Amino acid sequence: MLNSSDNKNEKNHSSRKQNARYEHSAIEKRWQKLWNEAKKKPQNLDEKAAQKKKYILEMFPYPSGKIHMGHVRNYTLGDVLARFHRAKGCHVLHPMGWDAFGLPAENAAFEHKEHPQTWTKNNINAMRQQLKSMGLDIDWQSEIATCNPKYYKHEQEMFLDLLDKKLAYRKEAWVNWDPSENSVLADEQVIDGKGWRSGAVVQKRKLAQWFFKITHYAPQLLEALDSLEKWPEKVKTMQRNWLGKSQGCVIRFNIKQKQTEQENLQENLVVFSTRPDTIFGATFCAISPNHPLCEKLAKTNKQIETYIKQANSQDKNASKGAEKEKSGIHSGLSLIHPLDQNIEIPLFVSDYVLMEYGTGAIFGCPAHDQRDLDFARTHSLEVKPVVLPKGEDSLTFAITDTAWTGGGTLFRSKFLDGLTIQAAIDKATEALQKKGAGERKTTWRLRDWGVSRQRYWGCPIPVVHCKKCGIVPVPRNELPIKLPQNVSFDKPGNPLERAEEWRKTKCPNCSNSAERDTDTFDTFVESSWYFLRFCDPRNEKKAISEQAQKWLPVDQYIGGIEHAILHLLYSRFFTRALTDCGYLEELKEPFEGLFTQGMVCHATYQDEKTKKFLFPYQVERGKGTQKNKWFHKESGANVIGGRSEKMSKSKKNIVDPQKVISDYGADTARMFMLSDSPPERDLEWSGEGIEGAARFMQRLWRLADENIVEAIGGESESIKRSDEGIKTISSEELERITHQTIRDATKDIEQLRFNRAIAKLRSLCNNIEACRASDKNAQAQKSHAFATLLRLFHPFIPHITEELWQKSGKQKILTETAWPDFDEDKAREEEVVLAVQINGKMRATIKLPANCEQSTAEKQALQQDNVQRNLGVASVKKIIFVPNKIVNIIAEKTS
RNA sequence: GCCCACUUGGCGGAAUUGGUAGACGCAAGGGACUUAAAAUCCCUCGGUGAGGAAUCGCCAUUCCGGUUCGAGUCCGGAAGUGGGCACCA
């Protein structure tokens, strides 16, 4: 491992030669300072500049206090692109901010008695320093933090606009309730159905909460996915599934006349089905315990009331997955089959029917739906098959314990008999429609976005509750509604509810005393529009200025796959909603390109006896025959080396980026992050890997010694070495390779294939070494190749390349130097190697001038010894020729 | 259960999108330099067979089958691994 004391020794020993080794710390600091000074003010785009804009954005971090390797990977990837496009002459927006609201700050306040604001600010300061030490080309002047009232003021205003447009509304919804703490819990605070702090079994409670009407945009959100060509297919699939469009039919079942009169009920029950073809297989109907009809029935039926309570007390997380035994209770009501007045169908209440989906009511067709079948078996209901699979006999076909969900033809279904499923769906829907008993309907899995959180550290919801006027929006000129500073965190629950002074206010309408809403927004709200704010972050008048119109869409958004659904979908929704509220003109999709990076993984280590996890720095590999074993560094105890998993605190398989940067430097860390694994795949962190990257820095440094010194006429010692047995290339070849490398690496960077780009740059490095400077011309060529190497490497490892660039006597700093162009003529190969195949098998290779004639190639190919030998007595039937690639001789044995 | 992705040496991965499989790197082994170590440099490195050697052959991209002059790449099937959703009617 490199550490500073070693470096000092090295320096003393080789005092005759300065800069023998690359010492990162001083150099990196120096360049970070110089870049910062050279940085131009954030640019406002004019029409012309907007033509060449690139908005590069990485998902902004939550200020936890320390950067982790995931951040290093994320921001390095973005930084390479930002630096690359800047060199290409683009106007680049590459900002950074903080997703600063959220639960951890509140927890910290509870545990360490530190105000969330103080905690967050300290964390931001610490993390900013760490990010800066990575040498990121970020516009720090446009930094934003979402907990700043200057930021969330606009969010409150947006909310009022959404309210005006009826895109925000209030309704009752279930929350997790901790009965011991008397407080609402976030989903992540519920562990195995219990409160994380109290351990009490969590209950469900209904509270009035705010919702955003994302479902209004469901069709657009689905359709537009097709236009997102630069998004990973995987993410689009996940979003499609999440939106969950399904086409079907709503069907009205009349409730038996006598009953509706008696109990003053509605006349019919509306169910949703994607399989109206199986309507004659319906042997029961079921409604959700939370269905309005069920709630009415509960008033006169104690059993139903009990069942509802039971169903709602179960934690939803605990009862995940389909159970064979399906609970339920008869409602006491009967329904009339919509297509046959003579059929009476019993109505059940069951918790396997979800109120949130469809109409909260279903008709059960046990023969052709597994869940209905399970329910029917549990409650001994009739199972009536109406779809006959191919090859089955209508008289003998029976359902046992698996429902038939495949194809077939309808039977026992009157006018549907003999039809295929699709034809029957159409005909049944038509019949229902004619009778006025149903119609086509599209249903979505997506539900409206509940944004109320019973938390302190979030953006306050700007409404007032007045006894007389109801819910009254706060007038715009009173915004922002700031969070009160003086609050206590020593008790569980929402501190805002206890902040009497803040809570009590006057109704803007009638001036009577009223109360503020004590809920705050889900933190996903802040992250749904921050990328718009970055374009003009200090604009106090407008949340989103015309600058956003010019900078958006984000050209390349980079982040983790974990945000594939929620954050990205919310942002897509928000952009549309804001457009409808007049904040933007004509912006549909916020992120044109999306890149989801892989995770950073590391092997896990466990003490063999205690099974406790150990940090990587606590263990070492055995020596000699013990090579595959691991031991505790201090105690020598046996350690189990586990498989590689995502770095996480709980498994202790983490490596601290700060330590890596101070030991090896930012460039080494960046190099390692980028070099081997493709960015979308998981990256395996290893000590050998970082050492390898560090070695490369030294190699580049030495290579500079040979190439720069020679170029400016000095003398180099290390050049004096034996050429015996070493492969060498001519300076002409080096020139060609240099231009090819510019061409290929540029393409790779554009496509975010950084590992390939780096492989090609390393290869160029090898070739520079392999080229012997025999004369002045060759020396100039080598020097040019090396300068090109520095320019190409700069986005990846900016500090060392900048330093070497300056050492080579260049006036302009590399960060402001244009990307190299390649010369097509110089990149062109004069000679190519063709493969010669016989019946598709490789037999020889031939070297020929590029683009040579088929006849020449054939002649050459046939002359090869090995070709002749393999051909033997066989006769040539046909020759396939692909220019510059292969000659395939098709031969047939002569008999 | 449904949907999706992936599978190439000891390891991470290349392969110009159907045309010489294994670039680049890590690890490993051997050697040079050194009193020694570190660093650096050189050589070997998918398996296997023949040969003193240069070489030559066979088998290899998870497995089975297909299309093609030619398949890691396209199509069909199977297995394994990972991921998403999950009582969604």
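Below, read A as the first sequence line, B as the second, and so on, with proteins coming before strands; counting in each chain starts at 1. These numbers come from a predicted model, not from an experiment.
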Among [options], which nucleotide sits nearest the side chain of [X]?
{"X": "A:I890", "options": "B:C4, B:G84, B:C69", "answer": "B:C69"}
{"X": "A:P678", "options": "B:G13, B:G57, B:A89", "answer": "B:G13"}
{"X": "A:T237", "options": "B:G19, B:A89, B:C3", "answer": "B:C3"}
{"X": "A:M842", "options": "B:C56, B:G19, B:A21", "answer": "B:A21"}
{"X": "A:K234", "options": "B:C58, B:G83, B:U20", "answer": "B:G83"}
{"X": "A:R869", "options": "B:G19, B:C56, B:C87", "answer": "B:C56"}
{"X": "A:R695", "options": "B:A89, B:G13, B:U40", "answer": "B:U40"}
{"X": "A:N241", "options": "B:C41, B:C3, B:G19", "answer": "B:C3"}
{"X": "A:W242", "options": "B:C85, B:C41, B:C3", "answer": "B:C85"}
{"X": "A:R21", "options": "B:A39, B:G13, B:C87", "answer": "B:A39"}

Using a 6.0 Å distance limit plus a 45 degree cone around the ring axis, check whether A:R21 lies over the aromatic ring of A:W701.
no

side-chain hydrogen bond (donor to acceptor under 3.5 Å, both in side chains) involving A:R275 - partner list, sequence neighbours excluded
A:D277

Is [X] close enough to [N] that one of its side-chain N or O atoms is under 4.0 Å from OP1 or OP2 there?
{"X": "A:N766", "N": "B:G25", "result": "yes"}
{"X": "A:N888", "N": "B:U20", "result": "no"}
{"X": "A:R681", "N": "B:G13", "result": "yes"}
{"X": "A:R445", "N": "B:A86", "result": "yes"}
{"X": "A:R753", "N": "B:G13", "result": "no"}

Which is true for [X] with a 4.0 Å heavy-atom rule: it touches a base, it touches only sugar-phosphate, or it touches nothing?
{"X": "A:N866", "result": "sugar-phosphate"}
{"X": "A:V271", "result": "nothing"}
{"X": "A:R240", "result": "nothing"}
{"X": "A:D748", "result": "nothing"}
{"X": "A:S350", "result": "nothing"}
{"X": "A:E688", "result": "sugar-phosphate"}
{"X": "A:R762", "result": "sugar-phosphate"}
{"X": "A:K841", "result": "sugar-phosphate"}
{"X": "A:T845", "result": "base"}
{"X": "A:N755", "result": "sugar-phosphate"}
{"X": "A:R843", "result": "sugar-phosphate"}
{"X": "A:V833", "result": "base"}

Using the [atom1] atom on both, measure [N] against [M] and round to a whole Å.
{"N": "B:G46", "M": "B:G52", "atom1": "C1'", "value": "25 Å"}
{"N": "B:C24", "M": "B:C43", "atom1": "P", "value": "12 Å"}
{"N": "B:A53", "M": "B:A71", "atom1": "P", "value": "33 Å"}
{"N": "B:G13", "M": "B:U17", "atom1": "P", "value": "23 Å"}
{"N": "B:A86", "M": "B:G76", "atom1": "P", "value": "29 Å"}
{"N": "B:G72", "M": "B:C59", "atom1": "P", "value": "13 Å"}
{"N": "B:G18", "M": "B:C75", "atom1": "P", "value": "11 Å"}
{"N": "B:U8", "M": "B:A60", "atom1": "C1'", "value": "10 Å"}

Looking at residues at least two apart in the chain, or sitting in another chain, which of them share a side chain to side chain contact (heavy atoms under 4.5 Å, CB included) with A:Q751?
A:K747, A:R753, A:R756

Tell me, what's RNA chain B's dot-bracket, Watson-Crick or G-U with both distances under 3.5 Å, | for other-strand, [ ] crossing?
(((((((..(((......[....))).(((((.......))))).(((((....)))))..(((((..]....))))))))))))....

Hey, which of these two, A:D676 or A:R447, hits RNA chain B nearer its 5' end, going by closest nucleotide?
A:D676

About how many Å separate CD1 of A:I345 and OG1 of A:T283, when rounded to the nearest 0.5 Å?
8.0 Å

Can A:R377 and A:E325 be said to form a salt bridge (charged side-chain N to carboxylate O under 4.0 Å, His left out), step by step?
CA-CA 8 Å; A:R377 293 295 185 222; A:E325 286 281 311; over 6 Å; no

Atom-to-atom span, NZ of A:K236 to P of B:A5 - whole angstrom
13 Å

Check for me whether the distance between the ring centres of A:F284 and A:F375 falls short of 6.0 Å.
yes

Which residue, A:F696, A:F754, A:F796, A:W685, forms the ring-ring contact (aromatic ring centres under 6.0 Å, His included) with A:F672?
A:W685

With syn defined as a glycosidic torsion within 90 degrees of 0 and anti otherwise, which applies to B:G66?
anti

Donor-acceptor pair (no angle test) under 3.5 Å: A:K760 side chain, B:C24 base:
no

Crowded around [X] [atom1]? As in, over 12 foreign heavy atoms under 6.0 Å?
{"X": "A:E229", "atom1": "CD", "value": "no"}
{"X": "A:K384", "atom1": "NZ", "value": "yes"}
{"X": "A:K651", "atom1": "NZ", "value": "no"}

Charged N-O contact under 4.0 Å between A:E688 and A:R695
no

